[in-house]
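Accompanying notes for the structure given below.
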Amino acid sequence: MDLKNLTIAAARADVQERKTSATALAESFYAKIASDDPQIGAYLTLSKDRALEQAARMDVLAAKGEALPPLGGVPVGIKDVLVTRGLRTTAGSKILENYIPPNDCTAVARLEAAGAVILGKLNCDEFAMGSSNENSAYKPVRNPRDLERVPGGSSGGSAAAVAAGMAVATLGSDTGGSIRQPASFCGVVGLKPTYGRVSRYGLIAFASSLDHIGPFANTVTDSALVLRTMAGRDPMDSTSADVPVPDYVAELQKGVRGLRIGVAKEYFAEGLDAEVRASLEAAIQKLASLGCEVVPVSLPHTEYAIPAYYIVATAEASANLARFDGVRYGLRSKEARTLSDMYRKTRDEGFGPEVKRRIMLGTYALSTGYYDAYYLKAQRVRTLLTRDFESAFQKVDVIVTPTSPTAAFKLGEKSDDPLAMYLADIYTVTANLAGIPGISVPCGDTRSGLPIGLQILGRHFDEATILRLAHAYEQARG
Ligand code: GLN
């Protein structure tokens with residue numbers, strides 16, 4: 001079986017029609033992980049018992065001739081920032097090396113209730129802070145297309161697992177691009193929904209006002225299916241929105257003729273790689289040939305997005321990470337003699353350098369005397385960026401941009417230069433600051449065979465339109 005190109009519908013149908021069993025399917029994925037993951041490093045923990053129990057339940061349904069639920073028997077992987085009951089959840093950090101959560105994240109629970117088989121937990125940058133997966137406390141992830149290169153981050157394991165055929169679909173989190181950018185680097189589809197569309201209950205918080213959960217998959221249809229399964233109000237997350245969830249899969253069939261597509265010059269500026277630019281221009285041509293109307297738009301505050309993001313995100317992170325102090329969760333330093341010593345040593349031993357850098361930046365930005373100059377100003381910039389999108393969306397239905405200014409870079413290439421790493425997030429952080437949905441779909445390869453991603457941004461709660469355009473593009477590209 002071609003595990004690499006297996007879709008959700010095909011996997012489910014095979015189990016339903018008993019061409020294979022969910023158990024055999026899970027076993028084939030574990031065999032693939034055993035043979036290929038030592039080179040890639042996508043998985044941190046496997047959950048074989050849990051997977052095989054769920055697979056057996058699906059096999060019983062299929063044997064009785066009962067209809068499987070929408071993800072019945074489909075093997076999936078989960079980024080290790082989403083808590084899983086009884087299953088180690090590390091957030092890619094040493095501080096949570098032995099943490100066994102008492103509950104399931106809502107998104108995970110919803111996938112499992114829809115029949116998905118959870119293969120294991122996926123590697124990521126520590127507390128989702130990073131763009132290359134090199135900040136994982138455990139091991140880097142390598143890009144399945146080129147093992148010398150990064151898979152992107154922070155959901156590097158989630159992207160690489162789908163790209164390498166080690167899961168049919170996976171979940172990731174996106175605070176400033178961590179779903180879309182690794183999807184782009186690995187040549188798969190990655191979707192960040194609207195803020196509030198998917199419950200964050202059970203997502204280990206990085207920056208609560210920017211964090212989102214979303215899917216990685218081989219196809220847009222699969223992404224739509226996973227989103228439909230997870231989306232909707234959850235009483236456990238007061239920021240999850242009570243907005244009707246459309247049937248995203250059915251919506252894909254509506255045409256795209258007449259759709260107005262915005263192209264913003266600010267996203268095609270200095271620093272954009274020539275091959276990425278050429279690939280994007282070809283994609284825009286293709287969309288025009290499908291009957292879409294291409295309209296220039298302006299998003300004038302884009303240049304302030306990176307500084308605003310790295311203030312807001314680090315400020316929230318410094319508060320969210322205060323809970324890791326040796327008292328309740330995870331590691332407790334054995335060296336300490338007093339309480340404050342215990343806090344200090346636990347955090348010193350448990351957090352890696354990037355996490356410490358962010359806590360310091362965030363604490364500084366929130367401190368008395370600097371709050372107005374940094375945090376408050378960043379929040380004002382956030383409002384301006386949101387208004388940029390609001391006015392653009394009066395003229396157009398979606399906005400298309402590159403997902404990342406370059407294709408995947410080499411391991412080690414940027415790890416000594418945090419600023420260079422931060423600056424490369426320019427095309428993705430804006431959607432988190434504004435809370436709008438965005439998807440990255442593959443739109444070609446560089447001459448050296450590295451994937452390039454097309455990003456489509458939409459109005460709040462209008463995932464249906466970006467999915468529909470992404471699907472039409474994917475079909476037209478073949
Ligand atoms: N690369 C960005 C950062 O390092 C985004 C990370 C994310 O989306 N979790 O903060």
Side-chain angles (χ1 to χ4, degrees), residues 78-82 91-93 122-137 140-141 150-159 170-186 190-193 195 198 200 203-216 305-318 320-321 351-362 365 378 382 403-406 408-409 413-415 417-440 453 455:
I78 307 294
K79 184 180 185 181
D80 215 15
V81 291
L82 303 178
S93 181
L122 293 157
N123 201 353
C124 56
D125 284 302
E126 186 175 2
F127 288 102
M129 296 175 187
S131 311
S132 67
N133 218 115
E134 293 165 294
N135 298 333
S136 165
V141 179
V150 303
S154 63
S155 315
S158 303
T170 58
L171 294 188
S173 66
D174 189 314
T175 303
S178 282
I179 292 175
R180 292 159 289 152
Q181 182 258 23
S184 155
F185 279 16
C186 292
L191 170 67
K192 180 196 88 66
Y195 189 78
V198 173
R200 288 180 297 109
L203 166 62
I204 296 176
F206 161 10
S208 309
S209 78
L210 301 162
D211 292 343
H212 302 68
I213 296 173
F216 288 86
I306 288 286
Y309 169 80
Y310 277 95
I311 297 280
V312 175
T314 58
E316 293 185 22
S318 71
N320 276 324
L321 270 55
F351 289 140
E354 182 61 26
V355 173
K356 287 177 182 163
R357 173 164 30 242
R358 304 237 183 160
I359 292 172
M360 286 191 280
L361 284 170
R382 185 174 189 174
T403 305
S404 174
T406 66
F409 45 90
E413 193 178 320
K414 291 194 177 153
S415 43
D417 188 352
L419 191 59
M421 192 85 93
Y422 297 173
L423 290 172
D425 293 336
I426 178 65
Y427 300 144
T428 49
V429 297
T430 50
N432 299 76
L433 288 163
I436 58 172
I439 189 168
S440 180
Q455 176 175 239

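The figures here come from the full heavy-atom set of this structure, side chains too, leaving out hydrogens, waters and symmetry mates. Read the numbers this way: they start at 1 and go in the same order the structure lists the ligands and their atoms.
When heavy-atom distances to ligand 1 are checked against a 4.0 Å cut-off, Ser154 comes that close only through its side chain, counted from C-beta outward.
For ligand 1, the polar-atom distance check finds no N/O of Lys79 at less than 3.5 Å from any of the ligand's N/O atoms. Not one N or O of Phe206 is nearer than 3.5 Å to an N or O of ligand 1, by distance alone. Note: no N/O pair closer than 3.5 Å links Gly153 and ligand 1 by distance alone.
Atoms of ligand 1 lying under 4.0 Å from at least one heavy atom of Gly176, given by number and element, are 5 (C), 7 (C), 8 (O). Listed by number with element, the atoms of ligand 1 under 4.0 Å from a non-hydrogen atom of Asp174 are 8 (O). The distance from ligand 1 to the heavy atoms of Ala128 drops below 4.0 Å at these ligand atoms: 6 (C), 7 (C), 9 (N). Residue Gly130 approaches ligand 1 through these ligand atoms, each under 4.0 Å from one of its heavy atoms: 1 (N), 2 (C), 3 (C), 4 (O), 6 (C).
Classification of the Phe185-Phe409 ring pair by plane angle, with boundaries at 30° and 60°, yields perpendicular.
If you check which protein heavy atom lies closest to atom 4 (O) of ligand 1, you get Arg358 NH2, 2.8 Å. Scanning all protein heavy atoms for the shortest distance to atom 6 (C) of ligand 1 gives Ser178 OG, 2.9 Å. In this structure, atom 2 (C) of ligand 1 lies nearest to the protein heavy atom Asp425 OD2, 3.1 Å. For atom 3 (C) of ligand 1, the closest non-hydrogen atom of the protein is Tyr310 OH, 3.3 Å. Nearest protein heavy-atom neighbour of atom 5 (C) of ligand 1: Tyr309 OH, 3.3 Å.
Tyr427 and Ser404 make their closest contact through CD1-C, 3.8 Å (heavy atoms, listed as atom of the first residue, atom of the second, distance). Across all non-hydrogen atoms, the minimal contact from Thr175 to Ala207 is CG2-CB, 3.9 Å. A pairwise comparison of heavy atoms in Gly153 and Pro182 identifies O-CD, 3.4 Å as the closest pair. Smallest separation of non-hydrogen atoms from Glu316 and Ser209: OE2-OG, 2.5 Å.
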Under the criterion side chain to side chain contact (heavy atoms under 4.5 Å, CB included), I'd like the reasoning laid out for Lys79 against Ser154: C-alpha separation, chi angles, the key distance, then a yes or no.
CA-CA 10 Å; Lys79 184 180 185 181; Ser154 63; 2.8 Å; yes
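Using modelled atom types and a 3.5 Å distance limit, the side chains of Ser208 and Asn320 yield a donor-acceptor pair. Side chains of Thr403 and Ser184: no donor on one and acceptor on the other come within 3.5 Å. Checking Ser131 against Gln181 by side-chain atom types alone, no donor-acceptor pair falls below 3.5 Å.
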